[in-house]
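Here is the naming used below: chain letters follow the sequence lines, and residue numbers restart at 1 for every chain.
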Amino acid sequence: MPMESRYDPKVVEGKILKFWEDEQIYKFDIDSEKEVYSIDTPPPTVSGDIHLGHVFSYTQAEFIARYKRMRGFSVFYPFGLDNNGLPTELLIEKKFDTTAEKLGREKFIELVRNEVHIYNELYINLWKKMGVSSDWSLLYQTISPQVQKVSQKSFLELNKINRTYRKEAPALFCPKDKTTVSQVELKDKMLKSKIIYLNFSDGVTIATTRPELLPACVAIFVNPEDVKHKGLVGKEITVPIFGNKVKVIADKRVDPEFGTGVVMCCTFGDQTDIEWYKAYNLELKMIIDERGKMNHPYYNGLKIKEAREKIIQDLKDKGFVIKEENIEHNVNVHDRCGTEIEFLVKKQWYVRYLDLKEKFVELGKQVNWYPPHMRVRLDNWINGLQWDWSISRQRFFGVYFPVWYCKSCDEPIFADEKDLPVNPFVDSPKGKCGKCGSGEFVPETDIMDTWATSSLTPFINGKWGTDDRYLKKIFPMSLRVQAHEIISFWAFNTIVKSYFHMNSIPWKNIMISGHGLDAHGKPMHKSEGNVVKPDGYLEKYGADALRFWTSSSVLGEDNSFQEKEVVTGSRLINKLWNLTRFVEMNSANFEKQKSEFLLDSWIIYRLNETIKKATEEFDSYDYFKARNAVERLFWEFTNDYLEFVKNRVYGKDTSVGYTLNLVLFDLIKMLSPFIPFVTEEIYQNVFISNAEKLGSEKTKSIHTNSWPEEKEMVEEKRFDAADKLVKILLFVRKWKHENKMALNSDITEITIGKDLEGALGGAIEEIKSGMNIKNVKFGDGDLEVEEGIRVSIKG
RNA sequence: GGAGGUAUAGUCUAGUGGUAGGAUGACAGAUUGACAUUCUGUAGGCAGGAGUUCAAUUCUCCUUACCUCCACCA
């Protein structure tokens, strides 16, 4: 088939995509006898915000998938979408300028469900266009009933093995919007405030910005290193106005330099209060209610700010105030309305795992980490864990707990596994409360933490509880791919769940990608306005060229996006295209044969070296080093070897035809994981008909063809001679350039050092033909090519 | 504040205990029997300081800057 004179990615990539889909090239066959290679990829959060950073890390896994497929594995490569979480909620709230609270739970959920597919399509289309070789029939979504079922099943199993419990815990709460909020909805804000120095008993002075919380004071803290206050530890101090006594405890979270170095802990004024409450098992005194009003009798239902004014006045009147200062400090406010966040106490579900820290570290070590140092982050995270995993979220759009509570005694009732997935707002439990016999129930209103579900991706992919054949085939998965900032969440929680459910590590290998940065090396953030969208570049240069950029740094390193890098990619693609055209035009007819030419041995030897190197690097997930090796051979092949054998090509020498096709086919194969479209097009045009002649199977697609194997060995001695020949030819080329001669002009005579006569004496014709040299002789060379190689040249 | 990472030509990136490789841009030249989205060549670089060593860009420590995660001032 004659090739088009120009390669147009816009036309070809669309055509190839359709071909892949029609022929189901990437279909996973559950019944295949081949060894399975299963990949656990991150389901991107559907937030409407796709940028080149995503493309960067996702395609890195893609290279591996394609490599493993060519190595003969049955590759299980599913894709997922994480669309059940808060980002999706916020996306829809923003689009319709509404909130879940305004619309009401059921209406809101319906709206999200109806809208989210629009965004799903954006993601899927982009990944398809990028050439992601997933089996799209394996696509999962975290809002789907199947995934909810897996997630609820996991919860029930954890409950069965006594790994869940319910406990009162603080929830973030916005007193203005009267809603619970999540951590990602917070932002820092500098606020002007007053800090009041209060006189407690025993000569203790405490500085506080929240005097209204005084009735909720449950303890007093000092730093253990603080010499000034060492004597206080263990004493009981009396709280002003309210007169109750609280203990003094030493804790390193206290900054001895701030205020007076003595802190009161009120449940709950801020994050530290919560930590202390948990760490020291302190009494709980909640004095702010869900409407943002004080419910302590002292305040008689005042709002927070009014309460502050009242108590300050009261404290002043009674002489407890020593001084007040104006300060500016950072506080957490609700992103949407700027109101200072308060804490509420709600009963929430936890997964008990604090007793297993050592086990988790050990499991982390059983996984192979690429790059290895990334494991340290997991270790640090696990070792620093201070409490169990809270999996309740006071939001709307997510996986429901399969739980109801008895209306009269609050006893939890769990759903039956065979009824999953359940919606506790719609479905009801069967029978009566096992504790009190009541028949009335209320649903759990919280939803599960998004990590409680996404930590189950191996189980979701394994169709756990639906078609366990999958789980048997793919678990533990061969590879997890993810970015580094979520090691402590996604990677860790997946290890936790796999341990509880399967007593196993979830995957054998984990590959951690870096971030794609903007052109100035800054991370892409919406708020910075430096988010680079892929679409324009995809349109302009095609997916192959864009993938060239994503493969241009080592695994785990960040890489800044440079359009020029994409241009470099498209030049390589263009060169590859034209090289193939040249070979096809001149050497379409070749026969397998042994070549007597030194240059042929040289390029075959180099090919073998490259295959070996690329294979090794790919096996350790170092796609970039593999690419580098292949790229180097590619340029040697086209700029050096091909130029030196051109006269043989024009002379229709069939032995050069065979070598050209043999090397080029392997080059195409080795480049195909990186630039899958153009290599497929070349394969379909040229190599599919010659595949068998070149020692490969004739497969439908290059991507299901075999990874190259090393060719017949070239003796070291023969390669050494060939390598010297190449160096001499390169030297002559440079000499021509320095003497302002055309590269195809004639050289009268070259004299090669006599000591090389043994090695090169039989290759006179090759030397002549390689650089258009009229006469070659051996004798004394006056120019040094390199140590041991000397020549003289007559122009 | 804690943990981890990074620092290499104008720019983007490899790599090494002993002459630092590639891309891109710059400059010079060649070419029209595949390719001007070509080819050949030239110039240009290891953040700063201390230490270990015969030898440090590489190993150790410190400083500075940036990135990620965690914590965050009562």
Side-chain angles (χ1 to χ4, degrees), chain A residues 3 5-7 188 193 195-196 206-211 213 220-221 252-255 257-266 269-273 275-276 327 329-332 371 373-381 383-386 483-489 512 514-515 517 519-523 541 545 548-549 552-554 556-586 624-625 627-628 631-632 635 638-640 642-643 646 649-650 730 733-745:
Chain A
M3 295 167 69
S5 60
R6 266 172 180 267
Y7 178 74
D188 285 350
S193 179
I195 184 163
I196 315 283
I206 293 178
T208 178
T209 55
R210 304 287 310 264
L213 293 177
I220 284 170
F221 283 88
K252 62 179 186 332
R253 275 166 281 213
V254 179
D255 176 1
E257 302 303 319
F258 191 93
T260 60
V262 188
V263 190
M264 66 176 189
C265 170
C266 308
D270 64 17
Q271 289 285 347
T272 320
D273 289 345
E275 289 176 30
W276 282 330
I327 59 161
H329 64 160
N330 245 331
V331 292
N332 280 328
H373 70 254
M374 291 291 181
R375 209 199 77 229
V376 180
R377 299 199 191 193
L378 180 77
D379 288 357
N380 286 336
W381 174 257
N383 291 328
L385 279 177
Q386 291 190 46
H484 50 74
E485 80 276 8
I486 51 173
I487 288 174
S488 48
F489 298 110
I512 307 289
H515 287 154
L517 310 173
H520 307 288
K522 295 279 171 202
Y541 300 103
F548 188 85
W549 165 67
S552 61
S553 75
V554 294
E557 292 297 317
D558 297 343
N559 193 357
S560 88
F561 176 72
Q562 305 288 325
E563 186 166 354
K564 63 191 183 186
E565 193 80 24
V566 184
V567 174
T568 306
S570 54
R571 285 188 188 154
L572 177 116
I573 290 159
N574 175 65
K575 190 76 181 172
L576 181 64
W577 183 257
N578 285 300
L579 169 67
T580 314
R581 281 179 64 214
F582 179 80
V583 170
E584 206 235 354
M585 280 174 179
N586 293 291
F624 176 67
K625 285 182 192 161
R627 193 198 89 176
N628 269 350
E631 225 187 319
R632 185 180 155 199
W635 293 112
T638 164
N639 289 344
D640 302 337
L642 187 60
E643 293 303 325
K646 251 187 179 166
V649 175
Y650 297 144
L730 290 171
R733 179 163 75 183
K734 188 171 166 181
W735 189 89
K736 279 185 181 178
H737 178 259
E738 279 165 357
N739 288 279
K740 302 203 191 315
M741 291 170 70
L743 297 179
N744 61 358
S745 59

Fill in the blank from the handout: For RNA chain B, the dot-bracket notation using Watson-Crick and G-U wobble pairs below 3.5 Å, [ ] for pseudoknot-type crossings and | for other-strand pairs, is (((((((..((((....[..)))).(((((.......)))))....(((((..]....))))))))))))....
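- Judged by distance alone, the side chain of Lys736(A) and the main-chain N or O of Leu743(A) form a donor-acceptor pair under 3.5 Å.
- Distance noted for atom C1' between U32(B) and C39(B): 12 Å (whole Å).
- Leu642(A) comes within 4.0 angstrom of a base, heavy atoms only.
- The listed nucleotides are U68(B), G25(B), A3(B); the one nearest the side chain of His515(A) is U68(B).
- Taking 4.0 Å as the cut-off between side-chain N and carboxylate O, Glu584(A) and Arg581(A) do not count as a salt-bridged pair.
- Side-chain atoms of Thr568(A) and Gln562(A), non-hydrogen and from C-beta on, never get closer than 4.5 Å to each other.
- Note on Phe489(A): only backbone sugar-phosphate atoms sit closer than 4.0 angstrom, heavy atoms only; bases stay farther off.
- Map Asn744(A) and Asn380(A) each onto its nearest nucleotide of RNA chain B; the residue landing nearer the 5' end is Asn380(A).
- Comparing Glu485(A) and Val262(A), the nucleotide of RNA chain B nearest to each residue sits closer to the 5' end for Glu485(A).
- The two atoms that bring Trp549(A) and Ser560(A) nearest to each other are NE1-O, 3.2 Å, heavy atoms only.
- A gap of 10 Å separates the C1' atoms of A34(B) and U38(B), to the nearest Å.
- In this structure, Ile206(A) and Met264(A) approach most closely via the heavy-atom pair CG2-N, 3.9 Å.
- Ser552(A) and Glu565(A) make their closest contact through CB-OE2, 3.5 Å (heavy atoms, listed as atom of the first residue, atom of the second, distance).
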Show every donor-acceptor pair shorter than 3.5 Å between a side-chain atom in residues 569-576 of chain A and any protein atom, with sequence neighbours excluded, or say none if there are none.
unit_1	atom_1	unit_2	atom_2	d
Ser570(A)	OG	Val567(A)	O	2.9
Asn574(A)	OD1	Asn578(A)	ND2	3.1

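- Between G4(B) and U40(B), the distance separating the two C1' atoms is 46 Å to the nearest Å.
- Between Met585(A) and Met3(A) the shortest side-chain heavy-atom distance does not fall below 4.5 Å.
- Of the C1' atoms belonging to A14(B) and A9(B), the separation is 14 Å, rounded to the nearest Å.
- The distance between atom NZ of Lys522(A) and atom C1' of U68(B), rounded to the nearest whole Å, is 13 Å.
- A 4.5 Å side-chain heavy-atom check between Lys646(A) and Glu643(A) finds at least one atom pair inside the cut-off.
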Problem - Nucleic acid footprint by protein, nucleotides 8-14 of chain B - heavy-atom cut-off 4.0 Å, B for base, S for sugar-phosphate alone - result: --BBSSS
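- Look at the P atom in both U52(B) and C46(B): the space between them is 24 Å, to the nearest Å.
- Rounded to whole Å, atom C1' of C73(B) lies 15 Å from atom CD1 of Ile206(A).
- At a threshold of 4.0 angstrom between heavy atoms, the contacts of Ala483(A) with the nucleic acid are absent.
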Exercise for the section: Check the pair Asn559(A) / Phe624(A) against side-chain contact (heavy atoms from CB on, under 4.5 Å), numbers first and verdict last. Expected result: CA-CA 12 Å; Asn559(A) 193 357; Phe624(A) 176 67; over 6 Å; no
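- Contact annotation for Arg6(A): base contact, defined as any heavy-atom pair under 4.0 Å involving a base atom.
- Taking atom CG on Leu572(A) and atom C1' on U38(B), their separation rounds to 14 Å, with Å as the unit.
- Heavy atoms of Trp577(A) sit nowhere under 4.0 angstrom from any nucleic acid atom.
- Rounded to whole Å, the P atom of C59(B) lies 9 Å from the corresponding atom of U16(B).
- One interatomic measurement links the two molecules: CZ of Arg375(A) to C1' of A3(B), which rounds to 15 Å at whole-angstrom precision.
- Between the C1' atom of A74(B) and the CZ atom of Phe221(A) lies a distance of 12 Å, rounded to the nearest Å.
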Could you go through nucleotides 59-63 of chain B and list every protein N or O atom that sits under 3.5 Å from one of its N or O atoms, giving the distance for each pair?
none

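- Heavy atoms only, all atoms of each residue included: Arg733(A) and Asp640(A) are closest at NH2-OD1, 2.9 Å.
- Each of U37(B), G4(B), A34(B) was ranked by its minimum atom distance to the side chain of Arg581(A); first place goes to A34(B).
- Of all the heavy atoms in Ala207(A) and Thr260(A), the pair that sits closest is N-OG1, 3.9 Å.
- Considering only side-chain atoms of Asn578(A), the nucleotide from C35(B), G4(B), A30(B) that sits closest is C35(B).
- Nearest heavy-atom pair across Ser488(A) and Glu485(A) is OG-O, 4.4 Å.
- Remark: P of A74(B) and CE of Met264(A) are 11 Å apart, rounded to the nearest angstrom.
- Among the nucleotides C35(B), U68(B), G25(B), the one closest to any side-chain atom of Arg377(A) is U68(B).
- Rounded to whole Å, the distance from CD on Glu563(A) to P on U37(B) is 16 Å.
- If you take atom C1' in U11(B) and the same atom in G44(B), they sit 12 Å apart, rounded to whole Å.
- Leu576(A) places its CG atom 17 Å from the P atom of A34(B), with the value rounded to the nearest Å.
- Taking the P atom of each, A20(B) and G25(B) are spaced 24 Å apart, rounded to whole Å.
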Mind listing the N/O atom pairs, protein and nucleotides 39-43 of chain B, below 3.5 Å?
unit_1	atom_1	unit_2	atom_2	d
U40(B)	O2	His737(A)	NE2	2.7

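- In this structure, the separation between NE2 on His515(A) and CG on Asp558(A) is 6.5 Å, given to the nearest 0.5 Å.
- Trp577(A) pairs by the ring pair (Phe, Tyr, Trp, His ring centres under 6.0 Å) definition with Tyr7(A), not counting sequence neighbours.
- Residue Val263(A) places its side chain closer to A74(B) than to any other of C67(B), A34(B), A74(B).
- Ring geometry for Phe582(A) versus Tyr650(A): interplanar angle over 60°, hence perpendicular rather than tilted (30 to 60°).
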